[in-house]
Amino acid sequence: MKVVIQRVSEASVTIDGQIAGAIQQGLLLLVGFGPEDGQEDLDYAVRKITQMRIFSDAEDKMNLALTDIQGSILSISQFTLFAATKKGNRPAFTGAAKPYLASDLYDRFNLMLAQHCPVEKGVFGADMKVSLVNDGPVTILLDTKER
């Protein structure tokens with residue numbers, strides 16, 4: 001499981017011209033799943049994402065977690081995080097989980113996150129337009145296979 005974590009002051013996702021989800025301060029997550037991912041990966045990612053201290057405290061130090069600031073999450077499925085780019089100029093996506101598995105993992109992941117904070121999301125497999133104001137900027141890559 002790979003997640004691009006972006007600290008945002010606002011973010012939204014639009015599908016077919018309609019806003020499907022929007023948040024103010026919090027995290028935009030671009031989430032991709034591999035064929036070997038399972039519950040252990042979900043548990044690890046949810047714990048890290050919700051407890052990661054990447055928000056500024058009163059002294060402007062990154063010392064607060066998402067739950068400390070009562071922030072929200074905008075979660076976007078992103079199979080292209082598993083792009084293989086070693087050969088040629090066209091990425092291959094054979095390293096990504098099959099849609100039926102990835103969709104199930106994505107749904108479970110979002111339900112688990114929602115136990116900690118408000119979660120908005122895109123639509124799995126849809127063509128989405130994502131807008132954000134990256135705060136910092138702070139962007140972190142999380143790979144559950146690299147603990």
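Bear in mind that the values here come from a model prediction, so they are computed numbers and not experimental data.
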Close side-chain approach of L27 to Q6, heavy-atom, < 4.5 Å: no
Beyond-backbone contact of V46 with H116, side-chain heavy atoms, under 4.5 angstrom: yes
Value rounded to 0.5 Å, distance of OG in S12 from CG in L28: 9.5 Å
Path from I5 to V8 over hydrophobic side-chain contacts below 4.5 Å: no
Over 12 non-hydrogen atoms of neighbours within 6.0 angstrom of CD in Q39: yes
Greater than 12 external heavy atoms within 6.0 Å of I15's CD1: yes
Single-linkage hydrophobic cluster L66~L74, side-chain heavy atoms < 4.5 angstrom: no
R108 atom CZ: more than 12 heavy-atom contacts under 6.0 Å: yes
Value rounded to 0.5 Å, distance of CG in D57 from CG in L64: 5.5 Å
Donor-acceptor side-chain pairing of N134 and T139 below 3.5 angstrom: yes
Check against side-chain contact (heavy atoms from CB on, under 4.5 Å), F55 and M62: CA-CA 5 Å; F55 291 92; M62 287 199 298; over 6 Å; no
Same apolar cluster: V130 and L141, side chain cutoff 4.5 Å: yes
Value rounded to 0.5 Å, distance of CZ in F79 from CZ in F124: 9.0 Å
N-O pairing of D41 and R147 below 4.0 Å: yes
Basic-acidic side-chain contact under 4.0 Å: R53, D68: no
Positive for side chain to side chain contact (heavy atoms under 4.5 Å, CB included) with K48, one of V3, L142, D43, I140: L142
L42 and Y44, any side-chain heavy atoms less than 4.5 Å apart: no
Backbone N/O of M1 and side chain of D37: donor-acceptor pair under 3.5 Å: yes
Heavy-atom check, side chain of C117 versus side chain of S72, under 4.5 Å: no
ILVMFWY cluster, F82 and L101 together (side-chain gap under 4.5 Å): no
Same apolar cluster (I L V M F W Y, side chains within < 4.5 Å links), V138/L29: yes
Between N110 and S75: side-chain donor-acceptor atoms closer than 3.5 Å: yes
Side-chain heavy-atom pair R7, P137 within 4.5 angstrom cut-off: no
Nearest atoms (heavy-atom pairs only) where V13 meets K121: CG1-O, 4.0 Å
